[in-house]
Number of protein chains: 2
Amino acid sequence: MATNELIERLLDTTDSDAFEGVVDALHALDDSTFEPGGSPKGVAEAAALVGLSPHTLRYYEQEGLVRPGRNSAGYREYSAFTLRRLVFLTRMRMSGMTMHDLKRYIALVERGTETEAERREIMLAQRDRIRRQLRELTLALVTTEYKLRSYGGHPDG
Amino acid sequence: MATNELIERLLDTTDSDAFEGVVDALHALDDSTFEPGGSPKGVAEAAALVGLSPHTLRYYEQEGLVRPGRNSAGYREYSAFTLRRLVFLTRMRMSGMTMHDLKRYIALVERGTETEAERREIMLAQRDRIRRQLRELTLALVTTEYKLRSYGGHPDG
DNA sequence: GCTTGCCTTCGAGCGCACTCGAATCCGTAG
DNA sequence: CTACGGATTCGAGTGCGCTCGAAGGCAAGC
C-alpha cells in the first residue's frame, strides 16, 4: 500500500509544523486562546479569529447558529463559548457540511441531551463524508503531482 | 507527531481497499478501462463512468473543457482520450479548482507545449490548495470523531 | 460640536456550477 | 406507420452561501 507513504509525503512538505498536536489545539480553545483577558470579542475581532467576515458572522447568527450577547450599545459580544462554537461551525462548513445540516445539528444541540442519538447520526454521516473527501483529495493530489512531474520542473517550486 | 497515526486510522477503516495502487488506477485509464471494445461512449454512458450527469457533460463541452466527436446522427462520442480528460476535470473540480481556472488551464493545454510553464504554475497552486484542504479536513475529522466519542456511542456505526 | 470609524438592521444582489424544460430529431421494436 | 427512449440545442431557472449597500447609531479624538 503506497497510500500511507503518499500521505506522509504530502504532510511533511511545506508547513506541516503548524499541524502538530491537532487535538491539543482543539482543547486549547477552552482556555486562554480565545479569552486572553476574559473579555469577549467584538464582531470584527471574532471574525478575524475564525477567518470569516463580520458579515458572515451576522449571517450565521441570523440563521440560528450562534447567539452572541450584546453590550450596552447593542454591539455583539462573542464569548469563549460562542467562539468555540464558531470554530466548530467553520470546521464543519469547510469539510462540506451544508448550512442546512449544520442548522439542524445546532437546533438539536440547543434542545439538550435527549437529542444526542440524532446528533450522533449526523456526525457519523459527516465522518464518512470527510473520509470520502480525503480519498478524493488524495487522488487529486496524485494527479496533480503527476502533471507537475510531466512538466519536468523542479517539483518543489 | 500524531498526524500520521491519525491519517492511517482514517484510511484503514471502511473500504480503503478500493484505494490501493492509486497511481495504477490512474494509468489504467489508457487501456481497457474506458475502451473495452475500442468503441467510444455515448453521453449517458460517459456520464455514468465519471459520475456526472449528461447535462453536466454538455455544459463542460459548452465551456470548452472537452470536445467529443459526433456520430452520423450528431450524437456525442466520447473517446478514451476525452474520457481521460473528463476524469482529470472531475478530479480537479472535486479538489476545489474553479471552472474559471480549469478553463484557463485547458485553454493552455490546447495551445500546445509552449504553455507548459504557465500550466505548471497552475498545478503548483493546485497542489498547495489540496494540501491545505487535506489539513483542514483532518482537523474536521478530529473534531467529528471527538464529538462522536462524546456521544459515548459505539464509534463504528 | 464634529469627524471618523466601527457598529446596527434590513433586504436585495451576486457568483458559481450546475440543472432543467421545451421543442425537436434519431433509430429501433412492434 | 407509429410509438418510444434517448439524443440534440437553447436559454432560462435554481440553490447555496454568502456579500453588499443604504441608512442610521454610538464613542473616542481634536
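Computed from a predicted structure; not experimentally measured. In what follows, every chain begins at residue 1, and chains take the letters A, B, ... in the order their sequences are listed.
Considering only side-chain atoms of B:T56, the nucleotide from D:dT9, D:dT19, C:dC18 that sits closest is C:dC18. Closest to the B:A44 side chain, of the nucleotides C:dT9, D:dT8, D:dA7, is D:dA7. Here the side chain of A:M99 is nearest to one of C:dT8, D:dA7, D:dG17, namely D:dG17. The side chain of B:S72 lies closest to C:dG27, out of C:dC7, D:dG6, C:dG27. For B:A73, taking side-chain heavy atoms from C-beta onward, the closest of the listed nucleotides C:dA17, D:dA27, C:dG27 is C:dG27.
If you take CZ of B:R76 and C1' of C:dC25, they are 14 Å apart, rounded to a whole angstrom. B:H100 places its NE2 atom 14 Å from the C1' atom of C:dA17, with the value rounded to the nearest Å. Taking atom OH of residue B:Y59 and atom C1' of nucleotide D:dC10, one finds them 15 Å apart after rounding to whole Å. Separating the CD atom of A:E61 from the P atom of D:dC18 is a distance of 15 Å, rounded to the nearest angstrom. Atom CE in B:M97 sits roughly 16 Å away from atom C1' in C:dC16 (whole-Å rounding). Protein atom CD of B:E45 is 19 Å distant from nucleotide atom P of D:dG5, rounded to whole Å. Between B:Y78 atom OH and D:dA7 atom P the separation is 10 Å, expressed in whole Å. Taking atom CG on B:L65 and atom C1' on C:dA17, their separation rounds to 12 Å, with Å as the unit.
Atoms CG and CE, on B:L89 and B:M97 in that order, are 10.0 Å from each other to the nearest 0.5 Å.
In this model, the phosphate group of D:dG25 is not approached by any side-chain N or O of A:R70 to a distance below 4.0 Å at OP1 or OP2. The phosphate of C:dC18 (OP1 or OP2) has a side-chain N or O of B:R93 nearer than 4.0 angstrom.
Remark: B:K147 is positioned above the aromatic ring of A:F88, its terminal NZ or CZ atom under 6.0 angstrom from the ring centre and at most 45 degrees off the axis.
Just one residue in the list B:E61, B:E77, B:E110 forms a salt bridge (charged side-chain N to carboxylate O under 4.0 Å, His left out) with B:R67, and that residue is B:E110.
Each of A:Y75 and A:H55 was assigned the nucleotide of DNA chain D with the nearest heavy atom; the assignment lying further toward the 5' end belongs to A:H55.
Defined by atom type and a distance below 3.5 Å, a donor-acceptor pair is present between the side-chain atoms of A:R119 and A:T115. For B:S95 and B:Q133, the side-chain atoms include no donor-acceptor pair closer than 3.5 Å.
Looking at heavy-atom distances under 4.0 Å, B:T98 makes contact with sugar-phosphate atoms alone, never a base. Counting non-hydrogen atoms under 4.0 angstrom, A:R58 reaches a base of the nucleic acid.
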